[in-house]
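Along the sequence shown, residues carry numbers from 1. Whatever order the structure lists ligands and atoms in, that order sets their numbers, starting from 1.
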Amino acid sequence: MARILLTGGAGYIGSHTCVALHEAGHEAVILDDFSNADESVVERIGRIIGAPPPVVNGSILDGEAVRRAFAEHAIDGVIHFAAFKAVGESVANPLAYFENNIAGSIALARAMREAQVWPLVFSSTATVYGEPDAFPIPETAPTGYTSPYAFTKITVEQILAQAAAADPFVIGALRYFNPVGAHESALIGEDPRGIPDNLMPYMAKVAMGELEQLSVFGDDYDTPDGTGLRDYIHVMDLAEAHVLSMNALLEGRAHTLNIGTGIPTSVLQMHEAYSRAVGRELPMRVVPRRPGDVPRLDADPARALEVLGFEAKRDLDAMCRDSWRWVRAQAAGWRLNDPS
Ligand SMILES: NC(=O)c1ccc[n+]([C@@H]2O[C@H](COP(=O)([O-])OP(=O)(O)OC[C@H]3O[C@@H](n4cnc5c(N)ncnc54)[C@H](O)[C@@H]3O)[C@@H](O)[C@H]2O)c1
Ligand SMILES: O=c1ccn([C@@H]2O[C@H](COP(=O)(O)OP(=O)(O)O[C@H]3O[C@H](CO)[C@@H](O)[C@H](O)[C@H]3O)[C@@H](O)[C@H]2O)c(=O)[nH]1
C-alpha cells in the first residue's frame with residue numbers, strides 16, 4: 001500500500017484515479033483548489049470506495065497548503081493533475097496558463113524536494129506532438145506546440161527531466177490522447193462548464209436536448225470518411241494507467257509514455273456509436289473545419305504495454321454508454337445510484 005497525493009484530484013481524471021488507486025490497494029489524498037471541480041465530488045468518490053478521501057483544500061501555488069499536505073499525510077508519491085486545460089483560453093490568456101501550469105509545477109516540485117518525496121506522475125498530452133505526419137505516433141516523434149497550453153505541457157516535461165538529473169525525482173510523463181466516458185457507477189464523470197468544446201460532452205448535451213445538434217467540424221480531411229480521427233480512451237482505463245505508472249515509479253522506473261488505445265475513430269464513427277448508446281440518431285450537420293484542429297492524432301500504445309503492461313480494455317461502446325449514463329445521473333442529481 002502506498003499513499004499518493006493527487007493534485008487536482010477532484011477533477012475529471014483525478015477523481016477516477018482516486019477510485020483506481022483504491023481498487024489497487026493504495027490510498028489517495030486530494031490537493032485541489034476547486035477552481036474547476038464541484039466540492040460534492042469528494043462525497044461521491046466516497047460512495048464508490050466506501051469513504052471520502054482526505055482533502056487539502058488549496059492551490060499548488062500556495063507553498064503553505066502543499067507543505068501541509070506532505071506534513072499531515074505520509075505521502076509516498078504524487079500524481080500531478082492540477083492545471084488549466086482549455087486550449088482556446090490559453091491563447092487568450094497565456095500568462096495565467098504559464099503561472100498555473102508551469103509555476104505551479106515548479107512550486108510542487110520544490111515542496112516534494114523539501115519533503116524528500118520523489119515519485120511524480122505528470123499529466124501530459126498528445127498535443128505535445130504538434131502536427132505529426134506519421135501515424136500511429138510513437139513517443140520518439142518530434143514534439144512541438146501549437147498553443148500556450150501545449151507549450152506549458154512540453155515545458156513542464158522538460159523542466160521535470162532536468163530536475164530529475166539533479167535530484168532523485170522519478171518521473172512518469174503520461175501523454176494522454178482523448179479521455180472520455182465516466183465511472184460505470186455514474187457517480188463521477190466530466191462536468192464541463194458552459195457549452196462544451198469537446199466532442200463527447202457536446203454530443204451528450206445534444207442527447208439531453210440541451211443543444212440542438214452536433215456540428216461536425218469539417219468532412220474534407222484526408223481521412224477515410226473526411227472527418228477528424230482521434231484516439232479516444234475510457235477515463236477508467238486512463239486512471240488505471242496512472243496506478244501502473246505510479247507502481248513503476250515506486251520501483252524506481254521512470255518513463256515517458258503515450259496513453260491511448262491505438263484505435264483511430266472518426267467524428268462520424270463517434271456520432272454513430274453515441275447515437276447507438278442513446279438509442280436514436282442524434283441530429284448533426286457538417287460545418288467548416290475548426291481552426292487549429294489537426295486531421296489525426298492516435299497513439300502507438302506499444303511502449304506503454306512493454307513498460308507498464310498497460311492495455312486499454314474498454315471499447316467505444318463502453319465509453320459512450322458510461323458517458324450517457326453519467327449525464328443522465330447528473331441531471332437527476334446523482335440519485336440514480338443513491339441507495340438512500
Ligand atoms: N481532459 C483531457 O482531455 C486532457 C487531455 C490531456 C491532458 N490533460 C491534463 O490532465 C490533467 C487533468 O485534466 P482533467 O480533465 O481532469 O481536468 P480538470 O479541470 O477536471 O481537473 C483539474 C483539477 O485541478 C484543479 N486545479 C486547477 N488548478 C489548480 C491549482 N493551482 N491548485 C490546485 N488545484 C488546481 C481543478 O480544480 C480541477 O479539479 C490536466 O493537467 C490536463 O491538462 C487532460
Ligand atoms: O463539437 C465538436 C467538437 C469536436 N469535433 C471534432 O471531434 C474531434 C475531437 O475533438 P475534441 O473532443 O475537441 O478533442 P481534441 O480537439 O482532439 O482536443 C482534446 O484532446 C487533446 C489531446 O489530448 C487535448 O490536448 C485537448 O486539450 C483536448 O481538448 C476533432 O476532430 C474535432 O474537430 C466536432 O466535430 N464537433
Review point. Is a donor on one side and an acceptor on the other found under 3.5 Å between the side chain of Trp326 and the backbone of Glu190?
Key: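 Side chain of Trp326 to backbone of Glu190: a pair is present.
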
Review point. Closest approach of Gly9 and Cys18, non-hydrogen atoms and distance?
Key: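 Closest heavy-atom pair between Gly9 and Cys18: O-SG, 3.9 Å.
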
Nearest to [atom], what protein heavy atom do you find, and at what distance?
atom                    : result
atom 25 (O) of ligand 2 : Thr125 OG1, 2.9 Å
atom 2 (C) of ligand 2  : Phe217 CE1, 3.2 Å
atom 23 (O) of ligand 2 : Phe177 O, 2.8 Å
atom 19 (C) of ligand 2 : Asn178 ND2, 3.7 Å
atom 43 (O) of ligand 1 : Tyr149 OH, 2.7 Å
atom 17 (O) of ligand 2 : Arg230 NE, 2.6 Å
atom 10 (O) of ligand 2 : Arg290 NH2, 3.5 Å
atom 26 (C) of ligand 2 : Val87 CG2, 4.3 Å
atom 11 (P) of ligand 2 : Asn198 ND2, 3.4 Å

Check your understanding: Any side-chain donor paired with an acceptor under 3.5 Å for Arg175 and Thr256?
Key ->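 Looking only at side-chain atoms, Thr256 and Arg175 do not form any donor-acceptor pair under 3.5 Å.
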
**Study point:** Distance-only donor-acceptor check, side chains Asp219 and Thr227, under 3.5 Å
**Key:**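 No donor-acceptor contact under 3.5 Å links the two side chains.
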
Practice item. Could you list which atoms of ligand 1 come closer than 4.0 Å to a heavy atom of Ala10? Key: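 Every atom of ligand 1 under 4.0 Å from some heavy atom of Ala10: 39 (O).
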
Evaluate [X] for polar contact with ligand 2, using N/O atom pairs at a separation under 3.5 Å.
X      : value
Tyr202 : no
Leu199 : yes
Gly228 : no

Review point. For Tyr97, which of Leu95, Asn100, Asn101 qualifies under side-chain contact (heavy atoms from CB on, under 4.5 Å)?
Key: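 By the side-chain contact (heavy atoms from CB on, under 4.5 Å) criterion, Tyr97 pairs with just one of Leu95, Asn100, Asn101: Asn101.
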
Review point. Cation over ring, Arg296 on Tyr221, under 6.0 Å and within 45°?
Key: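 Geometry flag: not set, cation outside 6.0 Å or 45°.
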
**Study point:** Any N or O of Lys153 closer than 3.5 Å to N or O of ligand 1
**Key:**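 For ligand 1, there is an N or O atom that lies under 3.5 Å from one belonging to Lys153.
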
Review point. Any chance CD of Glu311 has more than 12 other-residue heavy atoms, nucleotides or ligands included, within less than 6.0 Å?
Key: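 It does not: Glu311 CD has 12 such atoms or fewer within range.
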
Review point. Is it the case that more than 12 heavy atoms not belonging to Arg289 sit under 6.0 Å from its CZ atom?
Key: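 Check passes, neighbour count above 12.
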
Have a look at [options] and point out the one with the heavy atom closest to [atom].
atom                    : options              : value
atom 32 (N) of ligand 1 : Asn57, Ile60, Leu31  : Ile60
atom 21 (O) of ligand 1 : Gly11, Ala86, Gly9   : Gly11
atom 31 (N) of ligand 1 : Ile13, Asn100, Asn36 : Asn100

Review point. Does Tyr221 come within less than 4.0 Å of ligand 2, judged by its heavy atoms?
Key: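 Not so, Tyr221 does not reach ligand 2.
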
Check your understanding: In terms of side-chain geometry, is the basic nitrogen of Arg314 or Asp322 positioned less than 4.0 Å from the acidic oxygen of its partner?
Key ->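 No salt bridge links Arg314 with Asp322.
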
Review point. Going through the distances and angles, do Phe81 and Tyr12 end up as a ring pair (Phe, Tyr, Trp, His ring centres under 6.0 Å)?
Key: CA-CA 9 Å; Phe81 296 106; Tyr12 174 42; over 10 Å; no

Exercise for review: Return the orientation label for the His183 and His16 ring planes: parallel under 30°, perpendicular over 60°, tilted otherwise.
Suggested key: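 Tilted.
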
